[in-house]
Amino acid sequence: MATGTERPATRPDPRGGVRGASRAAIAASHLRTDRWWLAPAATAAGLLAFIAYSTWRAFSNAHYYAAPYVSPFYSPCLAENCEPMRGGPNWEIFGSWWGLSPAILILIFPLGFRLTCYYYRKAYYRGFWASPPACAVAEPHRTYTGETRFPLILQNIHRYFFYAALLVAGILTWDTALSFRNEHYEWGHMGVGTLVFLVNIVLIWAYTLSCHSCRHIVGGKLKHFSRHPVRYRMWQWVGKLNARHMQLAWASLVSVALADFYVYLVASGAFDDPALF
């Protein structure tokens, strides 16, 4: 009896994919009638915008410090050619031989954390590689190897980038504390930049702690939650953040760019940081 799903008379593609012999005999690449392409297109556009902006700022090597604010793209500053930051994260690990922007030395860690992040992997796999472009939409690739081959097998080092991200978030927390000074390094003051830094560090910590690796480290290996009530409670807290991982990923990406742009505007003399007290 005909069911309407018999495979067409055409020979199935021996290389596999959506036309392989093991797949359903549906001629259409998908049956969705909504604008499914909007989400991956918007994701790709947003990621490209951040890549363009962060690349420009990282290689500009200018206007990244205006006391007491230091751009999160340049913190900590690990080269001898860094601008002096009183009380700030100046660690001259790389000597005068380093002639490039010091941002290159530090951005590899938060960048690696986001590149290997479970959500961002989904985002750029869909937005740039169409693997797959959306739910219930056939991908154009003939074969699928997952993350078992180079270079995607390197995604498995995400946990180690998580440890590095914790250190970076800690340093950015210190930078936020330093923002409670004025341009003369006197404590007990607050400007609009302080608010920008506060919002940014809250989102950075929320995104970092919402990481799937963090959730696994906190309680992933426990067999009996009743025997570990503290870790169970922490696992629940991280789980609530994890449920908003996508939103926190985008919010923290925007906030870190805005924090850098604010420092750029103040450092370049576009305007003075308005003092609140």
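Here, residue 1 is the first one in the sequence, and each next residue gets the next number.
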Sequence neighbours left out, what passes salt bridge (charged side-chain N to carboxylate O under 4.0 Å, His left out) with E147? Give chain and number order.
->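 E147 satisfies salt bridge (charged side-chain N to carboxylate O under 4.0 Å, His left out) with R121 once adjacent residues are dropped.
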For R233, what residues pass the salt bridge (charged side-chain N to carboxylate O under 4.0 Å, His left out) criterion, not counting sequence neighbours?
->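 Applying salt bridge (charged side-chain N to carboxylate O under 4.0 Å, His left out) to R233 gives none.
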Keeping to residues at least two apart or across chains, list the disulfide bond (SG atoms under 2.5 Å apart) pairs with something in residues 41-115.
->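 Passing the test, one end in residues 41-115: C77-C82.
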Residues pairing under disulfide bond (SG atoms under 2.5 Å apart) where one sits in residues 210-251, two or more places apart or in two chains, turn out to be none
Name the orientation class of the two ring planes belonging to [X] and [Y] (parallel below 30°, tilted from 30 to 60°, perpendicular beyond 60°).
| X | Y | value |
| --- | --- | --- |
| Y264 | W56 | perpendicular |
| Y163 | Y160 | perpendicular |
| Y207 | Y120 | perpendicular |

Is it the case that over 12 heavy atoms from other parts of the model lie below 6.0 angstrom from the [atom1] atom of [X]?
| X | atom1 | answer |
| --- | --- | --- |
| W174 | CH2 | no |
| M234 | CE | no |
| N156 | CG | yes |
| F225 | CZ | yes |

Just by modelled atom types, is the [Y] backbone N or O under 3.5 Å from a matching donor or acceptor in the [X] side chain?
| X | Y | answer |
| --- | --- | --- |
| S210 | H245 | no |
| S255 | S252 | yes |
| R57 | A62 | yes |
| N81 | L100 | yes |
| R244 | L241 | no |
| N61 | G99 | no |
| S101 | A58 | yes |

Do you know which two heavy atoms are closest between [X] and [Y], and how far apart they sit?
| X | Y | result |
| --- | --- | --- |
| I217 | R231 | O-NH2, 3.2 Å |
| A169 | T173 | O-OG1, 2.7 Å |
| Y65 | R86 | OH-N, 3.8 Å |
| D273 | V192 | OD1-N, 3.5 Å |
| A130 | E139 | O-CB, 3.3 Å |
| P132 | V137 | CB-O, 3.8 Å |

What's the separation between atom [atom1] in [X] and atom [atom2] in [Y], rounded to the nearest 0.5 Å?
| X | Y | atom1 | atom2 | answer |
| --- | --- | --- | --- | --- |
| D175 | N200 | CG | CG | 10.0 Å |
| N90 | E92 | CG | CD | 7.0 Å |
| Y185 | M85 | OH | CE | 9.5 Å |

Scan for side chain to side chain donor-acceptor pair (under 3.5 Å) pairs involving residues 40-55, sequence neighbours excluded, and state none if there are none.
-> Y53-D260
How about H189 and F180: are their ring centroids closer than 6.0 Å?
->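 Between F180 and H189, which both carry aromatic rings, the centre distance is not below 6.0 Å.
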Please answer: with hydrophobic residues joined when any side-chain heavy atoms are less than 4.5 Å apart, are [X] and [Y] in the same cluster?
| X | Y | value |
| --- | --- | --- |
| F161 | L78 | no |
| L47 | V256 | yes |
| I171 | Y69 | no |
| Y64 | W98 | no |
| L111 | L152 | yes |

Y262 and its ring pair (Phe, Tyr, Trp, His ring centres under 6.0 Å) partner, picked from F271, F197, F73 |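 For Y262, the ring pair (Phe, Tyr, Trp, His ring centres under 6.0 Å) check succeeds only for F271.
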What's the verdict on side-chain contact (heavy atoms from CB on, under 4.5 Å) for L48 and F128, showing C-alpha distance, side-chain angles and the deciding distance?
-> CA-CA 10 Å; L48 284 174; F128 297 135; 3.8 Å; yes
Of V196, V202, L195, L203, which meets side-chain contact (heavy atoms from CB on, under 4.5 Å) against V199?
-> L203
What residues form a ring pair (Phe, Tyr, Trp, His ring centres under 6.0 Å) with Y125, not counting sequence neighbours?
->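 Y125: ring pair (Phe, Tyr, Trp, His ring centres under 6.0 Å) contacts with W129.
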Run the side-chain contact (heavy atoms from CB on, under 4.5 Å) check on L172 and W205 step by step: do they pass?
-> CA-CA 10 Å; L172 296 182; W205 272 114; over 6 Å; no
Side chains of W237 and Y232: is there a donor and an acceptor less than 3.5 Å apart?
-> no
